[in-house]
Amino acid sequence: MTELDKNYSPERAETTHYERWEASGAFSADPGSEQEPYTIMMPPPNVTGSLHMGHALTFTIQDVLIRYHRMLGRDTLWQPGTDHAGIATQMVVERQLAEQEIKRVDLGREAFVEKVWEWKERSGGTITRQLRRLGASPDWPRERFTMDEGLSNAVRKVFIELHRQGLIYRDKRLVNWDPKLHTAISDLEVQQVEVKGRLWHFRYPLEGREGEYIVVATTRPETMLGDSGVAVHPEDARYTEVVGACCVLPLVGRRLPIVADEYPDLEAGSGAVKMTPAHDFNDYEVGRRHDLELINIFDRDACLNDNVPEKYRGMDRYTARQAVVEDMEALGLVEKVEDHVHSVPHGDRSGVAIEPWLTDQWYVDAKTLAKPCIEAVEQGRTAFVPKQWENTFFAWMRDIQPWCISRQLWWGHRIPAWYAPDGTIFVAEDEAAALQAAERHFGEAVVLEQDPDVLDTWFSSALWPFSTLGWPSEAAEEQRFLQRYYPGDVLVTGFDIIFFWVARMMMMGLHFMGEVPFRHVYIHALVRDQHGQKMSKSKGNIIDPLDIIDEYGCDALRFTLAALAVPGRDVKLDPARIAGYRNFATKLWNAARFCLMNGAAVAPDYDPGANRQVLNRWIVGKVLETRRELDSALGAYRLNDAAALLYHFVWNQFCDWYIEFAKPLLDSDDPGAQAETRATMGWAMNNLLRLLHPFMPYITEELWARFKQDSDGLLISALLPDFDAGLVDADAAAEMDWVIRLIGEVRAVRSEANVPPAAKIDLLVKDAGPVTGGRLTAHASLIQRLARTSGVELAPGDLPPGTVQIVIDEATVALPLADVIDISAERARLEKEIDKLAGEVAKLEKKLSNPQFLAKAPPEVVNEQKTRRDDATATIDRLEAALGRLRAA
RNA sequence: GGGCGGUUAGCUCAGUUGGUAGAGCGCCUGCUUUACACGCAGGAUGCCGGGAGUUCGAGUCUCUCACCGCCCACCA
């Protein structure tokens with residue numbers, strides 16, 4: 001056996017095992033397998049991305065689940081890939097070009113897209129390389145990119161189909177326009193930002209009534225240049241008289257009808273609202289009801305266009321705001337100005353205020369597609385974990401708005417629509433098909449122009465669960481793949497993209513595959529810093545997972561994230577915790593080192609059921625029980641419970657007790673016991689490594705080579721041990737628990753009574769409980785070693801006076817310490833213990849004397865309380881007796 | 001305005017069907033106990049945010065109040 005170094009070195013393990021895993025084919029799904037498949041669709045990170053803590057959490061969770069199911073023998077598919085991330089990627093490349101003073105428009109569309117592809121080839125692999133550093137084990141040969149040919153086919157096919165079904169349509173309506181990026185964005189890409197602004201109260205002169213005004217309030221004075229009406233509430237007595245009349249728009253001179261509409265709030269502002277239907281979503285609706293004119297006053301940069309008086313043309317919206325206010329003031333038409341805090345919609349990518357703008361865009365009829373999704377979740381065909389997210393999902397889906405899917409960008413899936421000179425639209429697979437359709441339509445060939453826009457990135461992501469599996473290819477192999485791996489078992493993701501992505505995958509999956517895309521949606525939380533602050537560059541509190549891996553090792557990071565991944569709660573990442581789990585890795589390493597130093601190894605003919613030593617029978621049962629508890633924790637996506645379980649088993653059972661107890665047996669001159677213990681220890685380590693592997697793949701793989709049987713390959717491909725109830729020995733467990741308690745008590749006495757550490761003492765045991773007769777002698781060496789005693793014997797008769805006594809259930813153990821210790825300290829210890837128990841007895845007595853309790857509580861609970869009281873009372877008696885004997889000294 | 005989550009040991013947090021309050025880190029006291037000081041042994045610390053209710057019994061269920069956080073909508 002090779003000696004191990006004193007400490008585990010993560011770098012070495014992390015640089016050797018990944019390639020071996022990958023080369024072994026362990027990551028790959030096997031469609032020919034007899035085993036049941038287990039599928040996770042990896043949420044494709046942005047191709048521009050680099051690994052942050054949120055990624056580390058989500059991919060660790062997924063990798064734990066995948067490795068665990070792989071070790072259950074399932075045929076696992078973890079489908080990896082990246083997202084082309086339309087706006088994000090286009091911005092990255094534009095920024096790089098800007099450094100060379102090249103502009104996108106100068107390059108032209110084709111050349112620019114070519115540049116983006118070049119960038120992708122050069123730099124797009126960062127995130128997947130970093131995923132490898134995290135130890136993630138997806139099926140890399142199946143890696144997909146949302147702009148791959150196959151996935152692009154899927155996008156076109158879906159677009160064409162939905163269009164044919166009337167579920168995709170072109171419409172002219174107000175959109176969220178990003179004046180910096182020059183594109184429409186969806187409602188979800190809009191962030192509300194609190195802004196300290198002002199509320200200007202303007203006087204609009206009433207037509208034909210000298211000196212009379214209607215006062216309107218606005219936060220955006222510049223939009224008045226596009227006003228086409230004023231609205232008041234029909235029940236607003238202040239204005240009944242002017243409804244139907246007109247006022248005159250200052251600076252412009254336009255006549256504005258005053259209309260009555262339910263929209264204005266009687267309480268707010270002046271009660272009268274200026275209407276700018278072309279630049280405000282609410283005004284747009286009011287305008288439609290009252291046939292108000294739509295006056296578009298902005299160009300695509302949100303600068304004023306020719307529909308405003310000459311002096312304002314070309315100004316940007318903020319300059320215009322100032323100019324309008326000044327001019328209104330000059331006219332004496334500003335009634336008052338108030339400070340006003342309100343939210344202003346901003347583009348989440350550009351960070352500038354979005355402008356509602358009237359344009360032609362493509363929309364998905366989300367309302368229709370959402371219906372089956374709502375039903376599917378109601379019926380539990382897809383279940384959210386934790387369940388409370390279903391409410392969020394329902395709320396959004398039930399009130400869903402049309403989804404604007406066209407983007408005025410160059411990087412993305414070009415919309416498969418062509419326009420004839422007369423505006424007729426032909427949606428088709430490609431230009432040739434469109435031309436053909438046009439020719440049929442017009443009876444002659446016409447020139448077509450393709451829609452210049454691309455699709456929202458989330459459109460292609462919505463197809464991910466089936467487009468990555470080969471849909472819509474008719475090829476037999478891909479059909480079989482799709483059949484086998486759709487729907488997936490679980491989707492693991494953060495709550496922030498439930499709407500962006502989860503909902504849309506549900507829509508597309510149900511519509512095109514006729515079945516939900518996944519059975520479970522496991523929603524994990526955000527990773528925050530140790531004080532609960534969101535990590536952000538501006539706060540400077542970012543913890544980079546790669547730095548953590550360098551400092552503590554990948555396994556420590558993974559184990560930490562798993563241990564903190566409580567369903568439904570945010571993850572607060574405390575570096576002290578990571579160090580703690582790094583220590584855990586070291587502990588495991590040294591336990592293994594001890595095993596090796598003592599010749600522990602898996603013996604080919606070893607049968608755990610044939611163990612004769614109680615200690616060995618005990619640990620075998622414990623290992624298997626741990627396996628079973630691991631199942632129930634992971635089955636409920638409780639990775640934190642699973643991690644805690646393994647941590648405590650390894651440290652507080654295996655290391656603290658089993659290894660310590662094994663020492664005398666390993667030193668023993670009974671060759672049978674020695675051999676059995678070596679073999680059991682090897683078996684236990686072998687299985688512990690399996691249980692830990694999903695969480696700590698590197699260190700376990702590193703150690704595996706030393707604890708596996710020759711025929712075993714890599715740990716990643718090993719199976720978890722089978723649970724066998726026959727190997728769980730309850731008697732052995734009771735016996736070992738008793739011995740552990742005894743040692744604990746002796747240690748406590750020694751410590752509290754200030755017995756010098758080097759002093760060896762004798763133990764006399766009366767009524768040794770489960771450890772009867774010769775069994776006590778069998779454990780004597782364990783007890784001696786761990787409690788630092790010189791001998792352990794059964795007391796022939798009554799316990800002698802002048803001894804310190806320990807009470808464990810029915811047993812009393814005497815330590816002849818009277819001359820070594822501080823008697824008063826010992827007396828205090830016993831009295832304290834008696835007090836504690838007396839308090840408990842009092843509480844139990846009160847409960848047990850309550851007739852209501854006796855009548856209504858279930859009998860087993862009553863009995864339990866009685867037993868507890870009786871035990872405590874008996875223990876008090878023995879403690880009192882011990883106290884008496886101490887006094888007699 | 002609508003909804004969700006949180007408030008448990010000094011800190012960060014577990015506590016799944018109501019039935020003796022837990023972990024990690026930190027703290028205190030000991031320890032060259034030949035796997036491990038990234039260690040070992042022992043110890044202290046909680047009216048489980050306030051109030052009310054249901055129940056034989058509430059950290060756990062209901063209502064309410066307070067504070068913190070998040071999501072959605074709106075903000076003329």
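Everything quoted here is computed from the prediction, not taken from an experiment. Chain naming here is simple, since letters A, B, ... match the order of the sequence lines and numbering starts at 1 in each.
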Filtered N/O pairs between nucleotides 33-35 of chain B and protein, under 3.5 Å:
residue: rA35(B); atom: OP1; partner: K663(A); partner atom: NZ; Å: 3.2
residue: rA35(B); atom: O2'; partner: N590(A); partner atom: OD1; Å: 2.8
residue: rA35(B); atom: O2'; partner: R593(A); partner atom: NH1; Å: 2.6
residue: rA35(B); atom: N6; partner: C655(A); partner atom: O; Å: 3.2
residue: rA35(B); atom: N6; partner: E660(A); partner atom: OE2; Å: 3.1
residue: rA35(B); atom: N3; partner: N590(A); partner atom: O; Å: 3.1
residue: rA35(B); atom: N3; partner: A591(A); partner atom: N; Å: 3.4

Side chain [X], main chain [Y], donor-acceptor under 3.5 Å:
X       : Y       : result
N686(A) : F707(A) : yes
S9(A)   : E11(A)  : no
R558(A) : F695(A) : yes
D555(A) : Y698(A) : yes
R398(A) : I374(A) : no

I need the R593(A) CZ to N7(A) CG distance, nearest 0.5 Å.
8.0 Å
Calculate, to the nearest 0.5 Å, the distance between atoms OG1 and NE2 belonging to T219(A) and H340(A) respectively.
6.0 Å
Dump the pairs, protein N or O against N or O of nucleotides 71-73 of chain B, anything under 3.5 Å, distances to one decimal.
none

With rounding to whole Å, what would you report as the distance between [N] and [M] at their [atom1] atoms?
N       : M       : atom1 : answer
rA23(B) : rU17(B) : C1'   : 23 Å
rA44(B) : rG51(B) : P     : 28 Å
rC74(B) : rG22(B) : C1'   : 45 Å
rU55(B) : rC28(B) : P     : 49 Å
rU60(B) : rG6(B)  : P     : 12 Å
rG53(B) : rC70(B) : P     : 35 Å
rC65(B) : rG24(B) : P     : 39 Å
rC27(B) : rG10(B) : P     : 15 Å

Length of the line joining [X]:[atom1] and [N]:[atom2], which is rounded to integer Å:
X       : N       : atom1 : atom2 : answer
E745(A) : rA41(B) : CD    : C1'   : 14 Å
D496(A) : rC70(B) : CG    : P     : 14 Å
N391(A) : rG2(B)  : CG    : C1'   : 13 Å
R582(A) : rC36(B) : CZ    : C1'   : 13 Å
N7(A)   : rC38(B) : CG    : C1'   : 7 Å
L557(A) : rC38(B) : CG    : P     : 21 Å
I743(A) : rG42(B) : CD1   : C1'   : 15 Å
R869(A) : rG19(B) : CZ    : C1'   : 16 Å

Kindly write out the residues that satisfy side-chain hydrogen bond (donor to acceptor under 3.5 Å, both in side chains) with [X], not counting sequence neighbours, or none if the list is empty.
X       : result
T223(A) : K274(A)
K663(A) : E660(A)
N652(A) : D656(A)
H524(A) : none

W389(A), F495(A), F393(A) screened by ring-ring contact (aromatic ring centres under 6.0 Å, His included) with F384(A), the one that passes:
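That would be F393(A); it is the only one of W389(A), F495(A), F393(A) passing the ring-ring contact (aromatic ring centres under 6.0 Å, His included) with F384(A).
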Tell me what [X] touches on the nucleic acid: a base, only sugar-phosphate, or nothing, going by heavy atoms under 4.0 Å.
X       : answer
L854(A) : nothing
P851(A) : nothing
T219(A) : sugar-phosphate
A395(A) : nothing

State plainly whether the residues E745(A) and R741(A) are in salt-bridge range, i.e. N to O under 4.0 Å.
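Answer for the salt bridge query: no.
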Is it true that R582(A) and E551(A) have a side-chain N and a carboxylate O under 4.0 angstrom from each other?
no
Encode nucleotides 20-25 of chain B as B, S and - characters from 5' to 3', where the letter depends on protein heavy atoms closer than 4.0 Å: B to the base, S only to sugar-phosphate, - to neither.
B--S-S
Among K866(A), R869(A), R868(A), find the residue that satisfies the salt bridge (Lys or Arg N to Asp or Glu O under 4.0 Å) test when tested with E845(A).
R869(A)
Listed pairs, N/O of protein and of nucleotides 59-64 of chain B, under 3.5 Å:
none

Identify, between K847(A) and P264(A), the residue whose nearest nucleotide on RNA chain B lies closer to the 5' end.
K847(A)
Of F584(A) and H340(A), the one whose nearest nucleotide on RNA chain B sits closer to the 5' end is F584(A)
Can you give me every donor-acceptor pair (side chain of residues 630-645 of chain A, partner residue at least two apart or in another chain, under 3.5 Å) with its distance?
residue: D631(A); atom: OD1; partner: Y68(A); partner atom: OH; Å: 2.5
residue: D631(A); atom: OD1; partner: R627(A); partner atom: NE; Å: 3.2
residue: D631(A); atom: OD2; partner: R627(A); partner atom: NE; Å: 3.1
residue: D631(A); atom: OD2; partner: R627(A); partner atom: NH2; Å: 3.1
residue: S632(A); atom: OG; partner: E629(A); partner atom: O; Å: 3.1
residue: Y637(A); atom: OH; partner: H520(A); partner atom: ND1; Å: 2.8
residue: R638(A); atom: NE; partner: D641(A); partner atom: OD2; Å: 2.6

I'd like a table of atom pairs between the protein and nucleotides 47-49 of chain B - only N or O on both sides, under 3.5 Å - with the distance next to each one.
none

Once you measure the plane-to-plane angle for Y647(A) and F584(A), does it fall in the parallel (<30°), tilted (30-60°) or perpendicular (>60°) bin?
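Y647(A) vs F584(A) ring planes: tilted.
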Treating a pair as Watson-Crick (purine N1 to pyrimidine N3 plus N6-O4 or O6-N4) or G-U wobble (N1-O2 and O6-N3) with both distances under 3.5 Å, list the stems of 3 or more consecutive pairs that involve RNA chain B.
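Stems found: B:1-7 with B:66-72, B:10-13 with B:22-25, B:27-31 with B:39-43, B:49-53 with B:61-65.
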Nearest heavy atoms of L188(A) and W396(A), plus distance in Å:
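Between these two residues, the closest heavy atoms are CD1-CZ2, 3.8 Å.
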Check: I876(A) and I834(A) side chains under 4.5 Å, non-hydrogen atoms:
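Yes. Closest side-chain heavy atoms under 4.5 Å.
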Side chains of R220(A) and R317(A) in contact at under 4.5 Å (non-hydrogen atoms):
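A side-chain contact under 4.5 Å exists here.
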Heteroatom pairs (N/O) under 3.5 angstrom, protein to nucleotides 16-18 of chain B:
none

Verify the ring-centre separation between W589(A) and Y8(A): is it less than 6.0 angstrom?
yes
